[in-house]
A.B. asks: 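The structure's right below; bear with me while I get my questions together.
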Protein chains: 2
Amino acid sequence: MSRRAVQSRIARTAESLFVDKGFEETTVDEIAAAVGMSQRSFFRYFASKDEVVLDSLARLGEEMAERLTARPPEESEWDSLRRSFDPIVERYADPGCREHDAALQRIVDCSPRLFAAYLGRLDRLQRTLAEMLLHRAACRPGRATDVLVLRATVGGAFACLHATMTHVMAEPEAFAPCLDRTMAALRPAAV
Amino acid sequence: MSRRAVQSRIARTAESLFVDKGFEETTVDEIAAAVGMSQRSFFRYFASKDEVVLDSLARLGEEMAERLTARPPEESEWDSLRRSFDPIVERYADPGCREHDAALQRIVDCSPRLFAAYLGRLDRLQRTLAEMLLHRAACRPGRATDVLVLRATVGGAFACLHATMTHVMAEPEAFAPCLDRTMAALRPAAV
DNA sequence: GCAATGATTGACAGTCACTGACACATACTG
DNA sequence: CAGTATGTGTCAGTGACTGTCAATCATTGC
């Protein structure tokens, strides 16, 4: 069985345990036993207990980066960022994905430690996207780009995304309209 | 000796150890021994090793909250937030504070785990300030406030702050102008 | 068909953050 | 002086994570 498949099997097992007992209350030993492997082997597939939950976020991040590269260079940064959020919007549109993601989000929100790790991943993703946009701006001649403002812009777009996600989690509402509303409200004046 | 004083003594000792050996490489036992107390007593003053470093951030957060309450209710949220960031600007103006804060920031940046915890605290602070602004808006009659947009706005302001801090850490530049530049660029259109 | 090789695994021991329980000492209060 | 609150050390225990070693298993070359 491929590494990817084993990871997926572990993740599914672990997540159902987390839903049942909570993240902190579930030990790695229990997960390993439920999967049918030693604790040591668990750590060969995931660097930490956190990563079991945050792994899907990493894959979503890669997808977002791909979407960003696919955007036309002349598009405004803000609109490109909005489009790179589309994978999340699409996942939310699929009821199966939405249920699963909501369960994960609930697990993350219930553990401060895990939630912090989640924010750490989000921050790294922001750096990646900012770097990509910086590179894109450098290739396109014209007015000089302000690195500082660009990074803040990426952070602002993610703030919209984050606010929307927590808001939609609390009271079920359509995702895309909320995201569009916040991103319209915070859109930088300089295009 | 007061609790506060003991905490401060532990923090000073721990920070110098962190600077020397790094955060992860310094054990709680070492810190406790350097201070001259048992490990158990260390945990009576700080709930975790992280908190030794993040404690000063908590106090700064309280100061920011105080500044925000002191702002006039009719002021725009964006400007009020900018003013609540003043304590950071002021600390940066004092060379002694700047050196100390920069050292702390370097410690935090070097440990992904600690950095994540730092982001977690920042997020909680954002929720607090958003709650305060929401309450302020509710008291003031007039047009209804969009909770979602308000939260995103707070997140956007913090994105400016965060971008500025990391930028100024990398290449020494005056703090206030950078912060003002980003916050001018991301200022929401609706006042 | 078989041996060498490399990857995967379990078992075990060890480190470190953190917690609970208990005993002891000091200082304040009636 | 008895009682109580508070701060402390000691000890044992849990749980995440790591290093090491030996066994197993599949692949490759001959």
A.B. asks: OP1 or OP2 of D:dG7 less than 4.0 angstrom from a side-chain nitrogen or oxygen of B:Y45, does that happen here?
C.D. replies: no
A.B. asks: Please list all pairs meeting salt bridge (Lys or Arg N to Asp or Glu O under 4.0 Å) that have one or both residues in residues 82-93 of chain A, counting only residues at least two apart or in different chains.
C.D. replies: A:R67-A:E90, A:R82-A:D86, A:R82-A:D180, A:R83-A:D86, A:R91-A:D101
A.B. asks: B:T166: what forms a side chain to side chain donor-acceptor pair (under 3.5 Å) with it, not counting sequence neighbours?
C.D. replies: none
A.B. asks: Taking atom P of C:dT9 as reference, at what distance in whole Å does atom CD of A:Q7 sit?
C.D. replies: 11 Å
A.B. asks: So if I define the base as every atom that isn't primed, P, OP1 or OP2, how would nucleotides 15-21 of chain C read as a B/S/- string at a heavy-atom cutoff under 4.0 Å?
C.D. replies: -SSBBBB
A.B. asks: Would you say A:S41 places a side-chain N or O within less than 4.0 Å of OP1 or OP2 belonging to C:dT9?
C.D. replies: no
A.B. asks: For A:A34, enumerate each residue passing the side-chain contact (heavy atoms from CB on, under 4.5 Å) test, keeping only those at least two apart in sequence or located in another chain.
C.D. replies: A:T13, A:L17
A.B. asks: Give the rounded distance in Å between these two atoms: CD1 of A:I10 and P of C:dT8.
C.D. replies: 13 Å
A.B. asks: Heavy atoms only, 4.0 Å cut-off, all strands: where does B:S38 land among base, sugar-phosphate and nothing?
C.D. replies: base
A.B. asks: Pick out which of B:L125, B:D79, B:L129 makes a side-chain contact (heavy atoms from CB on, under 4.5 Å) with B:S84.
C.D. replies: B:L129
A.B. asks: With sequence neighbours excluded, what pairs up with A:R9 under the side chain to side chain donor-acceptor pair (under 3.5 Å) test?
C.D. replies: none
A.B. asks: Quick one: label B:F46 by what it contacts on the DNA or RNA (base, sugar-phosphate, nothing), any heavy atom closer than 4.0 Å.
C.D. replies: nothing
A.B. asks: With sequence neighbours excluded, tell me which residues meet side-chain contact (heavy atoms from CB on, under 4.5 Å) with B:A159.
C.D. replies: none
